[in-house]
Amino acid sequence: MLTIPFIRANSEITIQGLTKKHVANASEIVHQLIAMDDQRKSLLQQAESALEISNAAAKEIGSLMQSGQKELAEVKRAETAALKGTIREKEEAAKAAEKQMLDLLVTLPNLPHSSVPKGKTAEENEVILTWGSLPNMQVDAQPHWDLIKKYDIIDFDLGNKITGAGFPVYKGKGARLQRALINFFLDEAIKVGYYEIQPPILINEDSGFGTGQLPDKEGQMYVTKEEGLFLIPTAEVPITNLYRDVIVNEKELPIKNVGHTPCFRREAGSWGAHVRGLNRLHQFDKIEIVQIHKPETSYQALEEMSLHVQGLLQKLNLHYRVLRLCGGDMGFASALTYDMEVWSGAQNRWLEVSSVSNFETFQANRLKLRTKVDGKSILCHTLNGSALALPRIVAALLENNQGPDGIKIPEILVPYTGFTHIN
RNA sequence: AGAGGGGUGUCCGAGUGGUUUAAGGAGCACGCUUGGAAAGCGUGUGUAGGUCUCAAGCUUACCGAGGGUUCGAAUCCCUUCCCCUCUACCA
């Protein structure tokens, strides 16, 4: 969430930023917000000055009662009783004005970083680097949805039976490959200083608000019927919310956390030709890295996180590219996002496997996540990234490494899997 | 899940309708003292909003959260969350 003082002081920058993110009527909205804030302030002042009078009178009545001057106290009481209505009225009006303003404010996305390219669709994302080269594919190379059947390692039909579409069952070497990837990714993160967290995978409404899923995107999350808890769409939500309503000691920054969780996405309405097999699921596993920084170090951290993710892909010897997302393709809360895509040899297309973002103060403002610098409390910057999401990595590994003697496991994973081939 | 007891500032802890402007203690910071330190003494010590050119000051809210009663609520009432003890259940 953007802050009102920022918007007031930088209304032109705000309008330009929102326009880059393709918010319609940005200028109108910004001016409306400022007017609403003026209204809120004025009402608040009126309520507070009435309260001040009433507080003073109450105190006076108190001391009159104590000294036995009951009659004088009664007179005073009758006088102040009349104030009650005014106070209530003004307070309610101020609260309503504030709510109206916040309701509008929460609908605004974060402002993009200056390096974010203009553009509306995924085609306009900027490719900033490509690593490796196209895998040598045999002529009859099969897509992963055929390979998983051939080797009986991932079973969609069983998933359909026990749950529904998009909930695969991993079996035998398929299950062990999952476990190997999870441990590999966690170990690599821990090696470079991340602290492992195992969070709950159900979260409450406050947490959903804190990281920007609520209000608005509840349609993308599963909810429990009795408690109204949400199944997490990513570990970002619980791990970042660990710091909700926290003033972090400056010395503890930066904070670097990593966690593995299953992720649940309803993906309502997004099924189609390009989402076969492991390309898009309702439940999948992901290792997420989360960092909390002082403002001046967050962009350096973003680059470091991007390099960490790239290092994982290089160790797995996957041909990949890095994109800088354009204004229209970026997430709601992000100021700058890099997407990593791996080449899927049999589908002949790039698959997004990671998204690394700096949210600057956007989440921190919702979370009330602050630190103190020179005695003043300031909002922290939050960042996160997938390092990595499993299904599309599995898809690419299966497709790119298939051969006559089965699927070759990348060397670095063999100590984790305990086998060299799936066959 | 049932019965009972709780939730107060950085921490401990007092406080059941009116100088509470949240006592007292500890911690922390600064100062005095000291050869240096400790002890001692003194001062300060939260968050958010408003007012203000800045600062100071003034002011409003905050005693788990939300609502209510009252001229006045940490204190009374309602709702809700969390913690502890016992019982039940369970991995």
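The sequence lines fix the lettering, A, B, ..., with proteins before strands; numbering per chain opens at 1. Just so you know, these numbers come straight off a predicted model, no measurement behind them.
Of the charged side-chain nitrogens involved, none lies within less than 4.0 Å of a carboxylate oxygen, so that E411(A) and K315(A) do not count as a salt-bridged pair. Between K149(A) and D146(A) there is no salt bridge, since no side-chain N of the basic residue sits under 4.0 Å from a carboxylate O of the acidic one. Taking 4.0 Å as the cut-off between side-chain N and carboxylate O, K191(A) and E188(A) count as a salt-bridged pair.
For G17(B) and C71(B), the C1' atoms lie 12 Å apart once the distance is rounded to whole Å. Comparing the P positions of A56(B) and G44(B) gives an interatomic distance of 16 Å, to the nearest angstrom. Annotation: U85(B) and A48(B) have their C1' atoms spaced 37 Å apart (nearest Å). The separation of A74(B) from G6(B), taken at their C1' atoms, amounts to 15 Å, rounded to a whole angstrom. Between G7(B) and U75(B), the distance separating the two P atoms is 12 Å to the nearest Å. Spacing between U47(B) and G64(B) at atom C1', rounded to whole Å, works out to 16 Å. Nucleotides C62(B) and A22(B) have their C1' atoms positioned 12 Å apart, rounded to a whole Å. Spacing of C1' atoms, A61(B) relative to G67(B), comes out at 16 Å, to the nearest Å.
Across all strands, K90(A) comes closer than 4.0 Å to no nucleic acid atom at all (heavy-atom distances). Using a 4.0 Å heavy-atom cutoff across all strands shown, K84(A) reaches at least one base atom of the nucleic acid. The residue L44(A) sits close only to the backbone: its heavy atoms come under 4.0 Å of sugar-phosphate atoms, none of a base. Across all strands, S49(A) comes closer than 4.0 Å to no nucleic acid atom at all (heavy-atom distances). Looking at heavy-atom distances under 4.0 Å, K76(A) makes no contact with the nucleic acid at all.
The nearest heavy atom of RNA chain B to I61(A) and to L51(A) marks one nucleotide each, and the one closer to the 5' end goes with L51(A). Residue G62(A) is the one, among A57(A) and G62(A), whose nearest nucleotide of RNA chain B lies closer to the 5' end (criterion: closest heavy atom).
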Please table the atom pairs, donor to acceptor, closer than 3.5 Å between any side-chain atom in residues 101-116 of chain A and protein atoms at least two apart or in another chain.
from: D103(A); atom 1: OD2; to: K99(A); atom 2: NZ; distance (Å): 2.8
from: T107(A); atom 1: OG1; to: L104(A); atom 2: O; distance (Å): 2.5
from: N110(A); atom 1: ND2; to: A333(A); atom 2: O; distance (Å): 3.0
from: N110(A); atom 1: ND2; to: F359(A); atom 2: O; distance (Å): 3.1
from: H113(A); atom 1: ND1; to: S115(A); atom 2: N; distance (Å): 3.2
from: H113(A); atom 1: ND1; to: S115(A); atom 2: OG; distance (Å): 2.8
from: S115(A); atom 1: OG; to: R324(A); atom 2: NH1; distance (Å): 3.4

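Here the range on RNA chain B touched by chain A, meaning any atom under 4.0 Å from one of its heavy atoms, is G18(B) to G72(B).
Judged by the 6.0 Å and 45° rule, K217(A) forms a cation-pi pair with F332(A).
Using the Watson-Crick or G-U wobble rule with both distances under 3.5 Å, C28(B) pairs with G44(B). Across all strands shown, A22(B) forms no Watson-Crick or G-U wobble pair with both key distances under 3.5 Å. Pairing of C58(B), defined by two Watson-Crick or G-U wobble distances under 3.5 Å, is identified with G50(B). Nucleotide G72(B) forms no Watson-Crick or G-U wobble pair with any nucleotide shown, as no partner meets the under 3.5 Å limit on both distances. Of all nucleotides present, none satisfies the Watson-Crick or G-U wobble test against A14(B) with each distance under 3.5 Å. Both distances falling under 3.5 Å, in either a Watson-Crick or a G-U wobble arrangement, place G4(B) opposite C84(B).
When atom types are taken as modelled, the side chain of H22(A) and the backbone of G119(A) share a donor-acceptor pair closer than 3.5 angstrom.
Using a 3.5 Å distance cut-off with no hydrogens or angles, the side chains of S207(A) and R244(A) do pair a donor with an acceptor.
For E28(A), there are no side chain to side chain donor-acceptor pair (under 3.5 Å) partners at least two apart in sequence or on another chain.
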